[in-house]
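On a predicted model such as this, the values are computed, not experimentally measured, just so you know.
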Amino acid sequence: MIKKVSVALVLFFFFQSCHVVRFFIYNFADARDYRKFPEKKIPASSKPFHYADASQSGLVKLPKTIKRRNKTLFFEKALQKTGTIAFLVIRNDSILYQWYRPGRESGDVVASFSISKSFVSTLFGIAISEGLIKSIDEPITNYLDFLDKQKFGKVTIAHVLNMRSGIKFNENYFNPFGDIAKYYYGTNLKKYIRHLDMEEEPGKNFHYT
């Protein structure tokens, strides 16, 4: 019995870097995923920007109720039912509405998930303004030189930012052997990216991926 447990422990530590094992250990992605991965802290600005709090101004009108699965729920109740942690409406420099799940507050750390796409697109704007890249109309192979130019030469930065790259990708969250498990729990992204394929012409269709 002790021998079997020892073997199991050795295998566990040997394979825990494997994305399949990590998939089963960590299971589905959630708001606490920032605890699972290594972090690199970015120092805060000495002069940070703060949004003005205008959430009591009544400048935004949200629906009082919302339909979900044939039920009519009060708006904030619907936010709770969908697992929402925070919901904000921001316009220009002001927060017009803010709601936080009970037990949560504005300073809580959560995984950004697809919110990060907006930050990435902003960073591209900054990179262009600083002359680090010429244009979002450049092919991605100008900067990802390990990609096959024959295969990905027509894919531009803009295509990727707008999720119109035409690159084949399976976002099945239930498959431990699928693309999303490899990219989320894998440790060698360049290796996986090299094996990507095109599914259709870039710019042809939008796929939220």
Side-chain angles (χ1 to χ4, degrees), residues 4-5 7-40 66-73 75-88 99-104 108-121 123 140 144 146-148 151-152 155 157-209:
K4 287 182 178 179
V5 171
V7 171
L9 286 171
V10 169
L11 288 173
F12 172 78
F13 287 112
F14 183 75
F15 288 112
Q16 68 176 334
S17 62
C18 168
H19 74 270
V20 177
V21 175
R22 286 159 65 89
F23 176 90
F24 285 108
I25 294 171
Y26 294 138
N27 213 279
F28 294 109
D30 61 42
R32 297 180 295 274
D33 279 3
Y34 67 92
R35 300 173 184 170
K36 301 173 184 175
F37 300 103
E39 65 177 25
K40 185 175 182 180
I66 192 168
K67 283 192 174 182
R68 183 172 184 263
R69 295 177 181 172
N70 299 321
K71 289 183 179 180
T72 300
L73 301 170
F75 183 74
E76 292 185 354
K77 190 70 175 176
L79 292 177
Q80 288 193 49
K81 287 280 188 184
T82 54
T84 302
I85 291 174
F87 186 93
L88 283 79
W99 174 91
Y100 300 95
R101 190 175 195 79
R104 293 281 192 170
D108 285 354
V109 176
V110 295
S112 62
F113 297 113
S114 286
I115 296 172
S116 62
K117 294 173 183 175
S118 298
F119 288 99
V120 169
S121 62
L123 289 171
I140 60 174
L144 303 176
F146 55 87
L147 288 181
D148 185 344
K151 196 185 292 185
F152 298 102
V155 180
I157 295 168
H159 287 142
V160 178
L161 289 174
N162 291 311
M163 288 181 276
R164 293 177 175 272
S165 68
I167 294 172
K168 186 178 181 181
F169 192 84
N170 178 10
E171 199 163 346
N172 182 339
Y173 287 88
F174 297 94
N175 182 1
F177 302 98
D179 290 338
I180 197 69
K182 287 179 185 176
Y183 282 75
Y184 198 66
Y185 291 125
T187 56
N188 192 341
L189 294 182
K190 278 189 177 181
K191 173 186 171 183
Y192 301 139
I193 291 170
R194 283 192 184 97
H195 291 92
L196 285 171
D197 284 310
M198 294 298 296
E199 189 169 35
E200 59 187 0
E201 280 291 309
K204 188 176 180 181
N205 289 304
F206 170 85
H207 292 292
Y208 190 88
T209 307

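Summarising the geometry, atom CZ belonging to Phe177 is positioned 12.5 Å from atom CG belonging to Asn172; distances are rounded to the nearest 0.5 Å. Atoms CD1 and CD1, from Ile157 and Ile140 in turn, are 8.5 Å apart once rounded to the nearest 0.5 Å. Here the straight-line distance linking atom CZ of Phe87 with atom CD of Gln80 works out to 14.0 Å at 0.5 Å rounding. One distance of note links OG of Ser165 with NE2 of His207; it measures 8.5 Å at 0.5 Å rounding.
Proximity of Lys71 to Lys81: side-chain heavy atoms (C-beta onward) are nowhere separated by under 4.5 Å. Side-chain contact between Ile180 and Asn170: absent, with no pair of heavy atoms (C-beta onward) separated by less than 4.5 Å. Residues Lys190 and Asn188 are in side-chain contact: their nearest non-hydrogen atoms beyond the backbone lie under 4.5 Å apart.
Considering every non-hydrogen atom in both Trp99 and Ile85, the closest pair reads CZ3-O, 4.1 Å. The shortest heavy-atom contact between Arg104 and Asp108 is CD-OD2, 3.1 Å. Closest of all the heavy-atom pairs between Ala29 and Tyr184 is CB-OH, 3.7 Å. A pairwise comparison of heavy atoms in Phe75 and Ile66 identifies CA-CG2, 4.4 Å as the closest pair. Closest of all the heavy-atom pairs between Ala86 and Tyr100 is CB-CD2, 3.6 Å. Closest approach of Phe206 and Asn162 over heavy atoms only: CD1-O, 3.3 Å.
The salt bridge (Lys or Arg N to Asp or Glu O under 4.0 Å) analysis of residues 193-209, with sequence neighbours excluded, yields the pairs Lys151-Asp197. Annotation: salt bridge (Lys or Arg N to Asp or Glu O under 4.0 Å) contacts involving residues 169-182, sequence neighbours excluded, are absent.
Partners of Glu76 according to the side chain to side chain donor-acceptor pair (under 3.5 Å) rule, which considers only residues two or more places apart in sequence or in another chain, are Tyr97. When the ring-ring contact (aromatic ring centres under 6.0 Å, His included) test is applied to Phe174, the partners found at least two apart in sequence or on another chain are Phe28. Not counting sequence neighbours, Phe119 has no partner by the ring-ring contact (aromatic ring centres under 6.0 Å, His included) test. Scanning for side-chain contact (heavy atoms from CB on, under 4.5 Å) contacts around Lys36 gives Tyr26, Asp30, Asp33, Tyr185, with sequence neighbours left out. Under the side-chain contact (heavy atoms from CB on, under 4.5 Å) criterion, Val120 pairs with Phe124, Leu161, sequence neighbours left out. For Lys67, the side-chain contact (heavy atoms from CB on, under 4.5 Å) test picks out Thr72, with sequence neighbours left out. Taking the ring-ring contact (aromatic ring centres under 6.0 Å, His included) definition, one finds that Phe152 meets it with nothing, sequence neighbours left out. In terms of the ring-ring contact (aromatic ring centres under 6.0 Å, His included) criterion, Tyr173 has no residue partners (sequence neighbours excluded). With sequence neighbours left out, the side-chain contact (heavy atoms from CB on, under 4.5 Å) criterion links Tyr34 to Val109. Qualifying side chain to side chain donor-acceptor pair (under 3.5 Å) partners for Thr84, counting only residues two or more places apart in sequence or in other chains: Thr82.
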Under the side chain to side chain contact (heavy atoms under 4.5 Å, CB included) rule, what do Ile193 and Leu147 come out as? Steps first, then yes or no, please. CA-CA 8 Å; Ile193 291 170; Leu147 288 181; 3.4 Å; yes
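Heavy-atom neighbours of Ile115 CD1 from other residues, nucleotides or ligands within 6.0 Å: at or below the threshold of 12.
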